[in-house]
Amino acid sequence: MTDAAPIVTDAFDPSHVDFDVFAMFLEARRVHRRKSARKVAKEAEVELDAVLRAARGRNPGSYEFFALCNWIGEEPALFLKKEFRHG
(Lines give C-alpha, C1' and ligand atoms only; values in the text may rest on other atoms or scores of the structure.)
Protein backbone atom coordinates (compact mmCIF):
# COMPACT_ATOMS: atom_id res chain seq x y z
CA MET A 1 0.00 0.00 0.00
CA THR A 2 2.29 2.71 -1.22
CA ASP A 3 -0.35 5.45 -1.72
CA ALA A 4 -1.09 5.68 1.99
CA ALA A 5 -0.36 8.63 4.23
CA PRO A 6 2.75 8.37 6.40
CA ILE A 7 2.28 6.29 9.50
CA VAL A 8 2.53 8.28 12.74
CA THR A 9 3.09 6.22 15.88
CA ASP A 10 3.91 8.94 18.43
CA ALA A 11 0.73 8.67 20.53
CA PHE A 12 0.45 4.87 20.43
CA ASP A 13 -0.42 3.38 23.80
CA PRO A 14 -0.94 -0.37 23.45
CA SER A 15 -2.86 -0.54 26.74
CA HIS A 16 -5.65 1.43 25.04
CA VAL A 17 -6.05 -0.98 22.12
CA ASP A 18 -8.42 -3.95 22.09
CA PHE A 19 -6.15 -6.36 20.25
CA ASP A 20 -8.82 -9.10 20.28
CA VAL A 21 -11.12 -6.92 18.17
CA PHE A 22 -8.18 -5.93 15.99
CA ALA A 23 -7.37 -9.62 15.45
CA MET A 24 -10.95 -10.35 14.39
CA PHE A 25 -10.91 -7.53 11.83
CA LEU A 26 -7.49 -8.52 10.53
CA GLU A 27 -8.43 -12.16 10.12
CA ALA A 28 -11.82 -11.33 8.58
CA ARG A 29 -10.20 -9.06 5.98
CA ARG A 30 -7.40 -11.54 5.34
CA VAL A 31 -9.83 -14.40 4.71
CA HIS A 32 -12.22 -12.21 2.69
CA ARG A 33 -9.35 -11.07 0.46
CA ARG A 34 -8.04 -14.66 0.25
CA LYS A 35 -4.57 -13.69 1.45
CA SER A 36 -2.06 -15.71 3.42
CA ALA A 37 -0.48 -14.15 6.48
CA ARG A 38 2.75 -13.98 4.48
CA LYS A 39 1.00 -12.02 1.70
CA VAL A 40 -0.55 -9.63 4.27
CA ALA A 41 2.91 -9.01 5.72
CA LYS A 42 4.32 -8.26 2.29
CA GLU A 43 1.45 -5.95 1.30
CA ALA A 44 1.47 -4.12 4.67
CA GLU A 45 5.28 -3.96 4.61
CA VAL A 46 5.70 -5.57 8.02
CA GLU A 47 7.34 -8.77 9.24
CA LEU A 48 5.34 -12.00 9.10
CA ASP A 49 5.78 -12.41 12.86
CA ALA A 50 3.93 -9.11 13.43
CA VAL A 51 0.96 -10.35 11.39
CA LEU A 52 0.91 -13.63 13.31
CA ARG A 53 1.08 -11.80 16.67
CA ALA A 54 -1.78 -9.49 15.63
CA ALA A 55 -3.87 -12.43 14.41
CA ARG A 56 -3.51 -13.98 17.89
CA GLY A 57 -4.74 -10.81 19.58
CA ARG A 58 -1.29 -9.65 20.65
CA ASN A 59 0.42 -6.30 20.17
CA PRO A 60 2.30 -6.47 16.85
CA GLY A 61 4.27 -3.28 17.63
CA SER A 62 3.36 0.36 17.09
CA TYR A 63 4.47 0.77 13.47
CA GLU A 64 3.02 -2.62 12.62
CA PHE A 65 -0.33 -1.82 14.26
CA PHE A 66 -0.74 1.31 12.15
CA ALA A 67 0.48 -0.41 8.98
CA LEU A 68 -1.99 -3.25 9.51
CA CYS A 69 -4.82 -0.80 10.23
CA ASN A 70 -3.97 0.77 6.88
CA TRP A 71 -4.01 -2.65 5.21
CA ILE A 72 -7.36 -3.48 6.84
CA GLY A 73 -8.71 -0.12 5.72
CA GLU A 74 -9.91 1.06 9.13
CA GLU A 75 -8.92 3.96 11.37
CA PRO A 76 -6.81 2.90 14.39
CA ALA A 77 -9.34 4.61 16.71
CA LEU A 78 -11.85 1.86 15.84
CA PHE A 79 -9.75 -0.54 17.89
CA LEU A 80 -9.58 1.55 21.06
CA LYS A 81 -11.09 0.02 24.16
CA LYS A 82 -14.48 1.54 24.95
CA GLU A 83 -13.20 3.59 27.89
CA PHE A 84 -10.65 5.35 25.63
CA ARG A 85 -12.96 6.27 22.73
CA HIS A 86 -13.98 9.87 22.22
CA GLY A 87 -17.59 10.80 21.66
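For Arg33 and Trp71, the positive end sits near the middle of the six-membered ring, less than 6.0 Å away and at most 45° from its axis.
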- Query: Run the side chain to side chain contact (heavy atoms under 4.5 Å, CB included) check on Lys35 and Glu43 step by step: do they pass?
  - Reply: CA-CA 10 Å; Lys35 305 282 183 176; Glu43 290 179 4; 2.8 Å; yes
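Side chain of Arg58 to main chain of Arg53: no donor-acceptor pair is present (N/O by atom type, distance under 3.5 Å, no hydrogens or angles).
Interatomic distance, CZ of Phe66 versus CD of Glu75, reported as 10.0 Å (0.5 Å rounding). Separating the CZ atom in Phe19 from the CZ atom in Phe79 is a distance of 10.5 Å, to the nearest 0.5 Å. Atom NZ of Lys42 is separated from atom CD of Glu45 by 10.5 Å, given to the nearest 0.5 angstrom. Annotation: the span from Leu68 atom CG to Tyr63 atom OH amounts to 9.5 Å, rounded to 0.5 Å.
Shown here for Ala55 and Ala23, the closest heavy-atom pair between the two residues is O-CB, 3.6 Å. A pairwise comparison of heavy atoms in Pro60 and Ala50 identifies CB-O, 3.4 Å as the closest pair. Taking all atoms of both residues into account, the shortest heavy-atom contact from Gly61 to Asn59 is N-OD1, 2.7 Å. Smallest separation of non-hydrogen atoms from Gly57 and Asp20: CA-OD1, 3.9 Å.
Residues Pro76 and Phe22 form no side-chain contact, since every pair of their non-hydrogen atoms from C-beta on lies 4.5 Å or further apart.
Listed by chain and residue number, Asp18, Glu83, Phe84 satisfy the side-chain contact (heavy atoms from CB on, under 4.5 Å) test with Lys81 (two or more places apart in sequence, or in another chain). In this structure, the side-chain contact (heavy atoms from CB on, under 4.5 Å) partners of Leu52, at least two apart in sequence or on a different chain, are Ala37, Leu48, Arg56.
Counting heavy atoms of neighbouring residues, nucleotides and ligands inside a 6.0 Å radius, atom CZ of Arg29 exceeds 12 of them.
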